[in-house]
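Both ligands and their constituent atoms are indexed starting at 1 by order of listing. The first residue of the sequence shown is numbered 1, and numbering continues consecutively from there.
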Amino acid sequence: MGSLSGKRILLGVTGGMAAYKAVELLRLMTKAGADVVVAMTHAATKFVQPLTFRELSYHPVAIDVFDEPKEGLMQHLFLADSCDGIVIAPATANTMAKIACGIADNALCTIVLASTAPVILAPAMDSDMWANPVTQENVARLRARGFHFAGPGRGPLARQGKEGWGRMLDPEDIFKITVDVLTRSKDWEGLRLLVTAGPTYEAIDPVRFVGNRSSGKMGYAIAAAAQRRGAEVTLVSGPSSQPVPPGVELVRVQTTLEMREACLAVFDKVDACVKAAAPADFRVEEPAQEKIKKEGQSELVLRLVRNPDILAELGAMKKNQVVVGFAAETENLIAQASEKLRRKNCDLMVANDVTAPDAGFEVDTNRVTLVYADGRTEDVPTMQKERLANLLLDRIGELVRKKKA
Ligand code: CTP
């Protein structure tokens, strides 16, 4: 039995240089037992002949919605509509923009719009197109709606001599992510999870604050993934511009004290708590009631006082809950994280070296080491935060089940 046996997959191919790699992806999926139907955009047919996909998938290739029904095509369009998953590789910026807006002007986009199956997008484009805010906004919208992303990776791009983000992942990696997504069950059904995310803002005066550069991406990714896996999720979030994951109970807070209160309100009802937030350790002792004016002041001294450590507090009061902390370090990663785990009585500490360019604040990827209470450590390679979220939920789920056993 292959890892995808019995699964019907729609493979969408859009017009990018990487279109030829979709042939290898198709081969991997059919070898794993999947029944694959291919839909191509017109642009994709300029790169690879539909014939190649037809011969390897044993199905006609869908291109236009208004094609004369070729033998078996409509039937297979229907099959695609009721498929177990949709994989779009390569996914161009153009196709992602259309999907984000609900445009359905070709067979592929029509099927995506009509389908409720999980969709995996493997972006492939020039690094400038990837970095463009409009593409990033579309990606964020799609993520928030539950679309899965496989990549992009970093490396040489089609434009000569250029290197950067936007390279499509290798077919083997897209295949692995596909298996991961399509075979994952609702293993968090019946469990409650508390996640914290983002920074906190500690007021200096009504318009200024002390804060940090946390984006909230990791916490939001964990909350969204847990909800998709069946968990009942409360997300306590500091100020963050991340889109709200559907189906998640969101509690918005500003300060560490508010975050503490929101966590304490639900902690005894949850099975696990993941503290991905970066709450400020200090707050301004006496925030000004009115906006501070600079006239007549050559310096401004702010007195900061300690905020409570929420994670340590939850660790101290935990009964059966699995408590997970994050440790952002710049040196002695494992030693510092192990010490934090002990001090805050956690079950798992997710340690990341924030000096690495592919980890930490404001980036889409993360590379971490997991430090467990029993002293075990596990190195996790660089991956998208969305994928890391699922890996963490796998591990935390095991710890929850162990405690309940
Ligand atoms: N944390 C918390 N409450 C705080 C500060 C941190 O709950 N007031 C949590 C974070 O959400 C994270 C973990 O503690 O899960 C680690 O935070 P970090 O700032 O790295 O650790 P600290 O113990 O504050 O140590 P230091 O800043 O000195 O490295």
Participant: Determine whether a donor-acceptor pair (N or O, by modelled atom type, separation under 3.5 Å) exists between the side chain of Ser240 and the backbone of Ser215.
Facilitator: yes
Participant: As an exercise, identify every atom of ligand 1 less than 4.0 angstrom from a heavy atom of Ala328.
Facilitator: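 Every atom of ligand 1 under 4.0 Å from some heavy atom of Ala328: 20 (O).
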Participant: Which residue and non-hydrogen atom of the protein lie closest to atom 16 (C) of ligand 1, and at what distance in Å?
Facilitator: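 The closest heavy atom on the protein side is Phe326 O, 2.7 Å.
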Participant: Does Asn307, backbone or side chain, put an N or O under 3.5 Å from an N or O of ligand 1?
Facilitator: no
Participant: N/O of Ala277 under 3.5 Å from N/O of ligand 1, yes or no?
Facilitator: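 N/O-N/O distance under 3.5 Å: yes.
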Participant: More than 12 heavy atoms of other residues, nucleotides or ligands under 6.0 Å from NZ of Lys269: is that the case?
Facilitator: yes
Participant: How far is atom 9 (C) of ligand 1 from its nearest protein heavy atom, and which residue and atom is that?
Facilitator: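 Protein heavy atom with the smallest distance to atom 9 (C) of ligand 1: Leu311 CB, 3.7 Å.
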Participant: Which protein heavy atom lies closest to atom 3 (N) of ligand 1, and at what distance to 0.1 Å?
Facilitator: Ile310 N, 3.1 Å
Participant: Please check if atom CD in Glu285 has more than 12 non-hydrogen atoms from other residues, nucleotides or ligands closer than 6.0 Å.
Facilitator: yes
Participant: Do any nitrogen or oxygen atoms of Val324 come within less than 3.5 Å of a nitrogen or oxygen of ligand 1?
Facilitator: no
Participant: Which heavy atom of the protein is the closest neighbour of atom 8 (N) of ligand 1, given with residue, atom name and distance?
Facilitator: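 Result for atom 8 (N) of ligand 1: Pro308 O, 3.0 Å.
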Participant: Distance only, no hydrogens: is a donor on one side chain within 3.5 Å (strictly under) of an acceptor on the other, for Arg229 and Asn390?
Facilitator: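 Yes - a donor-acceptor pair under 3.5 Å links their side chains.
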Participant: Pick out which of Thr196, Thr234, Val270 makes a side-chain contact (heavy atoms from CB on, under 4.5 Å) with Cys263.
Facilitator: Thr196
Participant: Does Glu172 CD have over 12 foreign heavy atoms under 6.0 Å away?
Facilitator: yes
Participant: Using a 4.0 Å cut-off to any heavy atom of Asp281, which atoms of ligand 1 qualify?
Facilitator: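 Selected atoms, number and element: 4 (C), 5 (C), 8 (N), 24 (O), 27 (O).
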Participant: Is atom 21 (O) of ligand 1 touching the protein, meaning some protein heavy atom lies under 4.0 Å away?
Facilitator: yes
Participant: Could you tell me the residue and atom name of the protein heavy atom closest to atom 15 (O) of ligand 1, and the distance to it rounded to 0.1 Å?
Facilitator: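 Nearest protein contact, heavy atoms only, for atom 15 (O) of ligand 1 is Lys275 O, 2.7 Å.
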Participant: Decide whether an N or O pair under 3.5 Å exists between Pro279 and ligand 1.
Facilitator: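 No - when backbone and side-chain N and O of Pro279 are compared with those of ligand 1, no distance drops under 3.5 Å.
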Participant: So for ligand 1, is Ala327 a polar contact partner (N or O within less than 3.5 Å, distance only)?
Facilitator: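 No, since none of the N or O atoms of Ala327 sits under 3.5 Å from an N or O of ligand 1.
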Participant: Say whether Lys340, considering both its backbone and side-chain N or O atoms, lies within less than 3.5 Å of an N or O atom on ligand 1.
Facilitator: yes
Participant: Measure the shortest side-chain to side-chain distance between Met17 and Met168 over non-hydrogen atoms and say whether it is less than 4.5 angstrom.
Facilitator: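 A side-chain contact under 4.5 Å is absent here.
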Participant: Is the number of heavy atoms from other residues, nucleotides or ligands within 6.0 Å of NZ (Lys403) greater than 12?
Facilitator: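 Count over threshold, so yes.
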Participant: Say whether, by atom type as modelled, one donor and one acceptor occur between the side chain of Ser237 and the main chain of Arg252 under 3.5 angstrom.
Facilitator: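 Not at all, since once roles are kept as given, no pair shorter than 3.5 Å links the two residues.
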Participant: Counting each atom of ligand 1 from 1 as listed, which ones have a heavy atom of Arg343 under 4.0 Å away?
Facilitator: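 Counting from 1, the qualifying ligand atoms are 23 (O).
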Participant: So which atom in Asp84 and which in Gly6 form the shortest heavy-atom distance, rounded to 0.1 Å?
Facilitator: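 Closest heavy-atom pair between Asp84 and Gly6: OD2-O, 3.9 Å.
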Participant: Which one holds for Ala276 and ligand 1: side chain close, backbone close, both close, or neither close, with close meaning a heavy atom under 4.0 Å?
Facilitator: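 It is neither; nothing of Ala276 touches ligand 1.
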Participant: Which ligand 1 atoms, with their elements, are less than 4.0 angstrom from a heavy-atom of Gly325?
Facilitator: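 That gives atoms 15 (O) of ligand 1.
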Participant: Can you find an N or O of Lys344 that's nearer than 3.5 Å to an N or O of ligand 1?
Facilitator: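 Indeed, backbone or side chain, Lys344 has an N or O that close.
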Participant: Quick one about Thr256 and Thr200 (side-chain donor to acceptor, distance below 3.5 Å, no hydrogens or angles considered), yes or no?
Facilitator: yes
